[in-house]
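As the structure is a computational prediction, the values presented were derived from the model and not from experiment.
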Amino acid sequence: MSAAFSRVPELLAEHLLLALSALLLGLVVSLPLAVLSSRNKTVGRIALGFAGLVQTIPSLALLALFYPILLWLSALVGGGIPALGFLPSLLALSLYALLPILRNAVTGLANLDPAVIEAADGMGMTRNQRLRLVEAPLVAPVLMAGIRTAAVWTIGAATLSTTVGQPSLGDLIFAGLQTQNWALVLAGCAAAAGLALGVDALLGLAEFGIARRRRGLVWGSLAALLTIAVVALAPAWPAARGIVTIGAKGFSEQYILARLIGHRLEAAGYEVRYREGLGSAVAFGALAAGDVDVYVDYSGTIWTNQMQRSDVPPRAAIVAGVAQWAKATHGVTLLGSLGFENAYAFAMRGEDAKRRGIASLSDLARQAGELDFATDVEFLERPEWAAVRRAYGLRFKSAHPYQPTFMYRALASGEADVIPAFSSDGRIAADRLAILQDPEGAIPGYDAVLLLAPRRAEDSRFQAALRPLIGAIRVEKMREANYLVDRDMDKQSPDQAARWLADGLGR
């Protein structure tokens, strides 16, 4: 538990910086728009309609939508616009903050006593004077209620920014869910909830002070909020220049390999940080853009997803093709293969496969209509699944996506009959799963490969620190390391598993 909470201060700083920035941007946009909306009903209907529409979009989808939009804008202006990390998270969360602020401000202005407005006009006030001296003070309590709602929403939704490469308290939650480390989940949830409650309480105090016209209370609560923000952001004060960013996707093996890389780089004198829980496209895009310095990917993933190749040559040819394409199109260096493959391998419960007489995907196709299929969250949209369906004509009774750990649990519990397992996963042997043969060769090779960002292409010290990993990891060792994290009893952390794996490498 103490190890889990030790990661909170740095992630809390990043989380708070993002949430407060989004709230501030939401205020900057909402307040002038609210004034304009109160004076022009057409503008008001359009503005409130747009803000309401944004709220109907799931926050995770809104974050994901900004990735292609910013990529397109960057290409349009010739580069320079980051499509990952802070900017897409800021824009998406700011849109989420609009509705409660805008709606409360417009409602407050619309419900002012007409006699008060008439009196202000009778005193010869201009429209701007009336807004500043009469309308704003009267609307402030209602507006503060909207700001409080926006603040809580923004802090909560900021946990999802992990998926687009922005560090937040969501890093702890996503990693904890995947590795079944409930201490991490508790630490992330408790910190996010505490932050939301604390900010809401201070804004509530300011709201009370405004309603009672007690300026000292208002300024005191805002000063306390500013002080807390400054203290919380202290871990983010040191300049990030020179820090190596290690990327990882959202499953146990990736967390372990990220730590294995991090330990070697720290031993070589680098300071490291981790960007975990990334999707395949996001991880590669972050590397190409320089937001991530190094991460482990799989040759078949890049071959099918990024390169859009549907042919299935030998494993060595895929690795060579990926290396050439990555360097030529993105300046990304493929340092080498780590020595093992983590391919998709369709799996069933061993006894069930034996009873049904299923040993291959061809056998599976004849009975698939009676079986339930559970996958990881990406597989149903990947080219590999389309290739397998074309080759074997698979049509399952049902298909449901899960986080990888829960996918295995669905199979073990009987909620699913078939999963696309990972061939380097220790749970295959531990759960006595049967791996189905692929006689048509529809699934490409998935060698684990070490990828470096363009700026590390000529960094000999950086490469020298990582080169001993090339060809050094046998699949049996990787399975054991994965199982240290994934097993139910005597579970170890990815950091501990990485150290165990490093000891076994002997280099």
Side-chain angles (χ1 to χ4, degrees), residues 64-88 163-166 240 243-250 254 257-258 261 265 270 272-311 313 315-338 342 378 381-384 444-463 465-467 469-470:
L65 282 173
F66 272 100
Y67 174 65
I69 291 173
L70 291 175
L71 275 181
W72 176 77
L73 288 175
S74 184
L76 190 65
V77 301
I81 299 177
L84 296 163
F86 187 80
L87 182 58
T163 58
V164 292
Q166 170 60 27
I243 297 179
V244 172
T245 302
I246 302 169
K249 301 183 188 183
Q254 285 278 304
L257 293 174
I261 292 168
L265 290 173
Y270 290 93
V272 304
R273 62 181 175 185
Y274 300 94
R275 295 288 179 269
E276 299 169 324
L278 305 176
S280 293
V282 171
F284 187 84
L287 185 80
D291 295 322
V292 165
D293 289 279
V294 56
Y295 85 109
V296 174
D297 211 326
Y298 305 92
S299 56
T301 297
I302 298 175
W303 184 262
T304 55
N305 285 13
Q306 271 73 42
M307 298 173 64
Q308 298 294 305
R309 296 286 292 267
S310 57
D311 53 323
R315 285 170 52 187
I318 292 178
V319 172
V322 168
Q324 183 179 9
W325 173 85
K327 191 69 172 180
T329 59
H330 297 283
V332 168
T333 299
L334 192 157
L335 193 62
S337 301
L338 296 181
N342 186 3
E378 292 185 8
E381 306 302 325
R382 291 174 68 105
E384 297 95 323
Y446 284 84
D447 287 271
V449 292
L450 197 57
L451 299 178
L452 310 183
R455 66 168 171 263
R456 299 296 178 182
E458 306 300 328
D459 191 337
S460 58
R461 183 167 72 99
F462 188 88
Q463 295 188 23
L466 300 179
R467 201 171 295 280
L469 297 177
I470 303 304

With the side chain counted from C-beta on, respond yes when [X] and [Y] share a heavy-atom pair under 4.5 Å apart, and no when they do not.
| X | Y | answer |
| --- | --- | --- |
| I261 | L466 | yes |
| L452 | D459 | no |
| H330 | P454 | no |

Where is the tightest heavy-atom contact between [X] and [Y], given as atom of each residue plus distance?
| X | Y | answer |
| --- | --- | --- |
| V449 | S337 | CG1-OG, 3.7 Å |
| I318 | G445 | CD1-N, 3.6 Å |
| G247 | V292 | N-CG1, 3.5 Å |
| G300 | P444 | CA-CG, 4.3 Å |
| L265 | A465 | CD2-CB, 4.0 Å |

Taking the six-membered ring of Y270, is the NZ or CZ of R461 close enough (under 6.0 Å from the centre) and on axis enough (within 45°)?
->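 Judged by the rule (NZ or CZ under 6.0 Å from the ring centre, within 45° of its axis), R461 counts as positioned above Y270.
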Go through the side-chain N and O atoms of T301 and R382 and say whether any donor and acceptor fall under 3.5 Å apart.
->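 Present: a donor and an acceptor within the cut-off.
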With no hydrogens and no angle check, do the side chains of Y295 and E276 hold a donor and an acceptor under 3.5 Å apart?
-> no
Salt bridge present between R275 and D291 (N-O < 4.0 angstrom) | no
Would you please indicate yes or no on a ring centroid separation below 6.0 angstrom for F284 and W303?
-> no
So, the side chain of [X] versus the backbone of [Y]: is there a donor-acceptor pair under 3.5 Å, distance only?
| X | Y | answer |
| --- | --- | --- |
| Q308 | N305 | yes |
| Q254 | K249 | yes |
| Y274 | T245 | no |
| R315 | D447 | no |
| T304 | P383 | no |

Of L451, V272, L450, the residue whose pairing with V294 passes side chain to side chain contact (heavy atoms under 4.5 Å, CB included) = L450
Pick one: which of L287, L335, V244 meets side chain to side chain contact (heavy atoms under 4.5 Å, CB included) with R456?
->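 Of all the options given, the one that passes is V244.
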When you look at V296 and L338, which way does the side chain to side chain contact (heavy atoms under 4.5 Å, CB included) test go after all the steps?
-> CA-CA 9 Å; V296 174; L338 296 181; 3.9 Å; yes
Distance from Q166 atom CD to L278 atom CG, nearest 0.5 Å?
->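 Separation between the atoms: 11.0 Å.
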Given M307 and I302, is the side chain to side chain contact (heavy atoms under 4.5 Å, CB included) satisfied, shown in steps?
-> CA-CA 6 Å; M307 298 173 64; I302 298 175; 4.3 Å; yes
Take K327 and T333 through the side chain to side chain contact (heavy atoms under 4.5 Å, CB included) test and state the conclusion after the steps.
-> CA-CA 6 Å; K327 191 69 172 180; T333 299; 3.0 Å; yes
